[in-house]
There are 2 protein chains.
Amino acid sequence: MKTTYTYNYEMPSVAVDCVIFGFVESGLKLLLIERNLEPYKGMYALPGGFVLPHETTEEAAQRELLEETGVQQVYMEQLYTFSQPNRDPRGRVITVTYFALVNPEHFNLQSGTDAAQARWFSYAQMPQLAFDHYQIVNKALERLRGKIKYQPIGFELLPRKFVLSQLQTLYEAILEMPLDKRNFRKKMLSSGLLLALEEKQTEVAHKPARYFEFDKERYEVLQQSGYNFEL
Amino acid sequence: MKTTYTYNYEMPSVAVDCVIFGFVESGLKLLLIERNLEPYKGMYALPGGFVLPHETTEEAAQRELLEETGVQQVYMEQLYTFSQPNRDPRGRVITVTYFALVNPEHFNLQSGTDAAQARWFSYAQMPQLAFDHYQIVNKALERLRGKIKYQPIGFELLPRKFVLSQLQTLYEAILEMPLDKRNFRKKMLSSGLLLALEEKQTEVAHKPARYFEFDKERYEVLQQSGYNFEL
DNA sequence: ACAAAAGTGTTCGGAATACACCCATGT
DNA sequence: ACATGGGTGTATTCCGAACACTTTTGT
């Protein structure tokens with residue numbers, strides 16, 4: 001049941017693009033790919049591609065993410081749909097964008113794969129981007145900042161076990177403001193979403209910190225009963 | 001520079017659908033249109049249609065809203081993009097949805113126009129809907145409820161001048177919970193976003209209430225300086 | 001011993017909540 | 001005079017913000 005259709009430049013096609021955030025070297029970074037095809041060959045762009053006939057846009061985003069970076073099973077959420085008629089010089093392309101939070105533990109940019117062309121950039125050091133991707137990144141950042149205040153999504157960016165100061169550094173990086181250590185700990189610990197592990201840091205030149213895990217099951221239970229995480 | 005591309009599969013087409021909320025007869029209602037074409041002929045559905053080649057999805061939504069209901073210049077916001085491959089029996093249609101808040105003052109369902117087939121329904125009395133429109137309505141309600149707590153969008157649903165009890169009734173209808181009168185007034189008045197008018201109600205069989213206006217300019221100024229409305 | 005980050009409590013002010021009666025008008 | 005919704009103040013509780021010192025480890 002393969003069919004061939006011809007269409008002229010006026011018909012929209014539908015693509016997806018992903019804004020992938022990672023917390024790398026204590027900073028919030030996003031993943032960009034160097035384009036090796038025209039248009040915008042050689043420029044950096046968001047990972048993405050066209051939606052296939054049998055898949056939802058969500059599935060397309062997951063597939064592209066996997067193909068281009070090797071990452072699977074990440075927190076992903078629909079961001080916004082961009083539809084300026086001239087946003088792609090090849091013709092009318094409407095793009096449904098997603099933002100994803102990846103945990104560096106499950107992630108390695110491997111040479112020899114498609115992901116080899118991918119690099120982490122901080123927002124400040126980001127190069128000029130292809131298409132309207134700069135706009136998309138801005139929208140994603142806005143959403144991430146809004147979201148982190150009332151949903152515990154920060155954990156998606158950290159390794160499974162982490163230390164409270166890492167979590168605080170992450171929040172400070174996203175919100176771009178310093179937070180008070182005692183108040184931050186108080187709020188996090190009292191949320192009941194952190195599972196204290198026995199394990200502590202070793203080989204650090206200071207008092208070793210306790211490791212914690214995010215208690216996802218607990219969060220889901222609490223959510224059912226109308227609980228809402230905040231800050 | 002017209003180009004022709006060939007694809008091996010059917011390309012999706014792109015539509016828009018609008019969830020239009022109105023505050024009618026002291027209740028939150030949404031506007032549905034009876035379909036007079038197959039598929040789902042005779043069923044109710046959200047107003048919407050296909051995106052034209054030269055317009056953004058936002059423009060398409062505004063245009064459809066105007067064509068089908070005669071309303072212009074309303075608060076409108078992108079909601080979500082739905083892309084289940086089988087959501088439309090005619091073929092692959094991806095729909096970008098919007099939600100809109102209309103002020104009944106600027107709005108009349110006129111017979112003799114396209115809008116004649118439109119009717120207000122409360123969520124509870126809503127008939128079965130065509131396509132996946134029920135899902136879309138649920139998403140819109142969720143968004144409306146989330147949004148009204150931290151953005152002063154309630155005013156978009158009321159006439160230009162209104163009375164505080166109307167505003168409270170509206171909030172109660174959206175949030176589906178009773179609110180304390182004194183606390184509600186305190187918060188609203190202290191927000192600085194309400195402009196007290198000299199005018200009061202007339203011909204009411206009780207103490208006449210003062211009219212207020214939403215001070216939109218003030219809100220925009222406050223927003224610039226980092227202010228955030230809440231509840 | 002020193003450097004470096006972990007860990008810990010209390011005070012204060014402002015906001016959220018709960019709550020009940022008098023007022024102005026039309027009938 | 002009565003019914004109807006408009007309009008008002010206070011006491012209490014809870015939460016966010018500010019703030020400094022001791023502990024544990026490695027070097």
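Tested against A:F162 for a ring-ring contact (aromatic ring centres under 6.0 Å, His included), the candidates A:Y211, A:F23, A:F155, A:F212 yield a single pass: A:F155.
Both B:E230 and A:Q201 lie near DNA chain C, and the one whose nearest nucleotide falls closer to the 5' end is A:Q201. With the nearest nucleotide of DNA chain D identified for both A:K187 and A:P208, A:K187 has the one nearer the 5' end. The 5' end of DNA chain C is approached more closely, in terms of each residue's nearest nucleotide, by A:S165 than by the other of A:N183 and A:S165.
The outermost nucleotides of DNA chain C lying under 4.0 Å from heavy atoms of chain B, listed 5' to 3', are C:dT17 to C:dG26.
Annotation: A:Y123 is not in aromatic contact with A:F121 [ring centroid separation under 6.0 Å not met]. Between B:F184 and B:Y171, the distance separating the two ring centers is shorter than 6.0 angstrom. Between A:Y80 and A:F82, the ring center distance clears the sub-6.0 Å criterion.
Atom CE in B:M188 sits roughly 16 Å away from atom P in D:dT8 (whole-Å rounding). Nucleotide D:dA20 holds its P atom 11 Å from the CG atom of A:D180, rounded to whole Å. Distance B:H206 NE2 to D:dT4 C1': 6 Å, rounded to the nearest Å. Spacing between atom CZ of A:R182 and atom C1' of D:dA17 amounts to 11 Å, rounded to whole angstrom units. Across the protein-nucleic acid pair, B:L164 atom CG and D:dG7 atom P stand 7 Å apart, rounded to whole Å. If you measure from atom OH of A:Y150 to atom P of D:dG16, you get 17 Å, rounded to the nearest angstrom. D:dG7 atom P lies 13 Å from atom CZ of B:F184, rounded to whole Å.
In this structure, OH on B:Y75 lies 7.0 Å from CG on B:L101, to the nearest 0.5 angstrom.
The residue B:T202 sits apart from the nucleic acid: no heavy atom pair falls under 4.0 Å. Residue A:R210 is in sugar-phosphate contact alone, with no base atom involved, counting any heavy-atom pair closer than 4.0 Å across all strands shown. Residue contacts for B:K186: at a heavy-atom cut-off of 4.0 Å it reaches a base atom on one of the strands shown.
Counting only N and O atoms by type, the side chains of B:Y219 and B:S191 include no donor and acceptor under 3.5 Å apart.
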Going by atom type alone, with no hydrogens or angles, which donor-acceptor pairs under 3.5 Å involve a side-chain atom of residues 24-33 of chain B and a protein atom two or more places apart or on another chain?
from  : atom 1 : to    : atom 2 : distance (Å)
B:K29 : NZ     : B:V24 : O      : 3.4

